[in-house]
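The structure appears right after this line, and notes come after that.
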Amino acid sequence: MHKDLQKINGKVVIVGLGITGIACARFFKERGIEVAATDSRENPPCLEQFKQYLPDSDLSLGGFDEDMLLTANVIVISPGVSLREPALMKAAMSGVRIWGEIEVFARFVNARVIAITGSNGKSTVTTLVAKMLEQAGNKVEVGGNLGTPAVSLIKEDAPDFYVVEVSSFQLESTFSLSPASAVILNVSEDHMDRYSSIAEYANAKKRVIRGYGDVVINMDDFQTRDLLYTVEPTRKIYTYTLNPPQENGFGLRKKDGQEWIYFDEKPVMPIADIKIPGMHNVSNVLAAMALVYAVDIDFEPMVEAVKDFAGLDHRTQWVAQANGVDWYNDSKATNVGATLAAVNGMGENLILIMGGDGKDADFSQLEKEFEGGVKLVVLIGKDALEIEKGLNGAVKVLYAGTMKEAVQIAHENAVSGDKVLLSPACASWDMFNGYAERGAEFVAQVKKITEGEV
């Protein structure tokens, strides 16, 4: 029996029956551990699955069951559940261990892990890293916050690598993760409805570089740059920057009149061969290269993977061109930093569709960046007024009640040479069941409105 199964020696209570919760419930059930579950909702998303897979397990809904939590040997919380929940705090004070799903993954993982966190770019870098490793002939399991829960990746037949995207919410309850290489891509204001300050948010992210593996540092982000001086000197560090590379790092230099990616003094590839648009995506490529270089992958498979990578759905994804207007779907931009990165990568003549649940973000950061390049902002969602206040008159603003109406307004105001970008800077839950549904609705409306146009 696995040493951590022996340590549990009792009941595991799952808190939150979403995708992560049901994955953890099944994980422990399959290993012969008693499982119970509680959720604050009366009808959580994976309730029927829980009843099907664990019909004899205790279940408490409509509030977190304090009595059930106090009987647990281990509590496993879903990332959407805060450690500050009174019932959890009471259980913790009573000595019950509280793990997140990534902590479970870390305790049972059976191969090297590459871990990626950051405010923006996580999914792109995670996917690129996996493709680079596969191009080099490795067997790879990829997931985490990206999609498949990390615990569901663990198989008896171990891969060569696990590549996991991890969020700050997941890292709050993670203690044992020790990746072979790890990165905090960037830190910008996000989830201020959960954290008291950006420092608290950044500290949650920094848990990804605990352990003994190599650390990759973005030298262009002031929140991550300081890690260069705080990581233990016994650990190997690789850096990346959009400027000339530092020693043992990736960066950009001119070669034959073009910008090239270099590692130290070695040319790797021209950035013109990168299909995904914007300098923020060049930075993402550099991060991915550093992560796989740290685990001894050669440059050739890295370059081939980058050349083949056309980007992720809902991430600055080109949708259509009609009457000289290009339409892009960046629905996964759920915070201000992500939208700023997308806008800066698009240049001028931009019409922007924004809005949703702003998560108490500071939208005044957009004012200066939008001046000049953005010609119109079309606002949707519950925090549309807050966004307009933050823009402070820097750009023309129009309101829409639906995505269909927003696309129509953008279409009516666009002329040849313009770009229309959905990049909400907000979560989607006020109008949609996630950013993917929001992006799919945008794509559907764009295709309807541009059909037959050339």
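Quick caveat, the model's predicted, so the values are computed rather than measured.
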I'd like to know if R253 pairs up with E265 as an ion pair, taking the criterion as any Lys NZ or Arg NE/NH1/NH2 lying under 4.0 Å from an Asp or Glu carboxylate oxygen.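 Counted as a salt bridge, because a side-chain N and a carboxylate O are separated by less than 4.0 Å.
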
Ionic contact status for K131 with D308, cut-off 4.0 Å: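 Not counted as a salt bridge, because no side-chain N and carboxylate O are separated by less than 4.0 Å.
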
Under a 4.5 Å cut-off applied to non-hydrogen side-chain atoms, are [X] and [Y] in contact?
| X | Y | answer |
| --- | --- | --- |
| F263 | P245 | no |
| K206 | L227 | yes |
| Y293 | M302 | yes |
| T174 | F105 | no |
| L133 | D160 | no |
| L146 | T127 | yes |
| L340 | L366 | yes |
| S181 | I114 | yes |

[atom1]-[atom2] distance between [X] and [Y], expressed to the nearest 0.5 angstrom:
| X | Y | atom1 | atom2 | value |
| --- | --- | --- | --- | --- |
| Y238 | Q246 | OH | CD | 14.5 Å |
| K389 | I387 | NZ | CD1 | 12.0 Å |
| Q135 | I297 | CD | CD1 | 11.0 Å |
| I217 | I237 | CD1 | CD1 | 4.5 Å |
| I353 | Q445 | CD1 | CD | 10.0 Å |
| D273 | W260 | CG | CH2 | 7.5 Å |

Partner of Q408 by side chain to side chain donor-acceptor pair (under 3.5 Å), out of K404, H411, E412: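 That would be E412; it is the only one of K404, H411, E412 passing the side chain to side chain donor-acceptor pair (under 3.5 Å) with Q408.
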
Counting N and O atoms only, with roles assigned by atom type, does the side chain of [X] sit under 3.5 Å from a partner on the main chain of [Y], one being a donor and the other an acceptor?
| X | Y | value |
| --- | --- | --- |
| D362 | S364 | yes |
| R438 | S331 | yes |
| N110 | K155 | yes |
| D357 | W429 | no |
| D264 | G249 | yes |
| N284 | V125 | no |
| S82 | R84 | yes |
| T117 | I184 | no |
| S78 | V81 | no |
| K419 | M346 | yes |

Those residues that, when tested against T148, pass side-chain contact (heavy atoms from CB on, under 4.5 Å) (two or more places apart):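 Listed in chain order: S152, L153.
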
Which residues pass the side-chain contact (heavy atoms from CB on, under 4.5 Å) test with W318, not counting sequence neighbours?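 W318 satisfies side-chain contact (heavy atoms from CB on, under 4.5 Å) with Q321, D326, Y328 only.
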
Residue from L286, V303, V285 passing side chain to side chain contact (heavy atoms under 4.5 Å, CB included) with V268: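 Of the listed options, the one satisfying the test is V303.
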
Quick one, L398 with N413, criterion side chain to side chain contact (heavy atoms under 4.5 Å, CB included). Give me CA distance, side-chain angles, the key distance, then yes/no. CA-CA 11 Å; L398 295 173; N413 284 272; 4.0 Å; yes

Hey, could you give me each pair passing salt bridge (charged side-chain N to carboxylate O under 4.0 Å, His left out) that has a residue in residues 214-232? Not counting sequence neighbours.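 For residues 214-232, and leaving out neighbouring residues, the salt bridge (charged side-chain N to carboxylate O under 4.0 Å, His left out) pairs sorted by first residue read E232-R235.
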
Taking only residues two or more places apart in sequence or in another chain, which ones pass salt bridge (charged side-chain N to carboxylate O under 4.0 Å, His left out) with [X]?
| X | value |
| --- | --- |
| D296 | none |
| R41 | D39 |
| E247 | none |

For [X], I'd like to know if atom [atom1] has over 12 heavy atoms of other residues, nucleotides or ligands within 6.0 Å.
| X | atom1 | result |
| --- | --- | --- |
| E367 | CD | yes |
| K236 | NZ | no |
| E371 | CD | yes |
| K396 | NZ | no |

Could you tell me which non-hydrogen atom of [X] sits nearest to which non-hydrogen atom of [Y], and how far apart they are?
| X | Y | value |
| --- | --- | --- |
| T316 | D330 | N-OD1, 3.0 Å |
| A338 | S423 | O-OG, 4.5 Å |
| S283 | L242 | N-CD2, 3.9 Å |
| Y399 | E405 | O-OE2, 4.0 Å |
| V151 | F27 | O-CD1, 3.7 Å |
| F370 | V395 | CD2-CG1, 4.4 Å |

Would [X] and [Y] count as having a side-chain donor-acceptor pair, cut-off 3.5 Å?
| X | Y | answer |
| --- | --- | --- |
| E103 | S176 | yes |
| Y201 | S119 | yes |
| N120 | N335 | yes |

Using the rule given for side chain to side chain contact (heavy atoms under 4.5 Å, CB included), can you reason through T124 versus F309, listing the C-alpha separation, both sets of side-chain angles and the distance that settles it, and then say yes or no? CA-CA 10 Å; T124 296; F309 185 59; 3.9 Å; yes

Steps toward side chain to side chain contact (heavy atoms under 4.5 Å, CB included) verdict (M403, L422): CA-CA 10 Å; M403 184 64 76; L422 169 68; 3.9 Å; yes

Please step through side chain to side chain contact (heavy atoms under 4.5 Å, CB included) for the pair Y240 and V183, ending with a clear verdict. CA-CA 11 Å; Y240 68 98; V183 67; 4.1 Å; yes

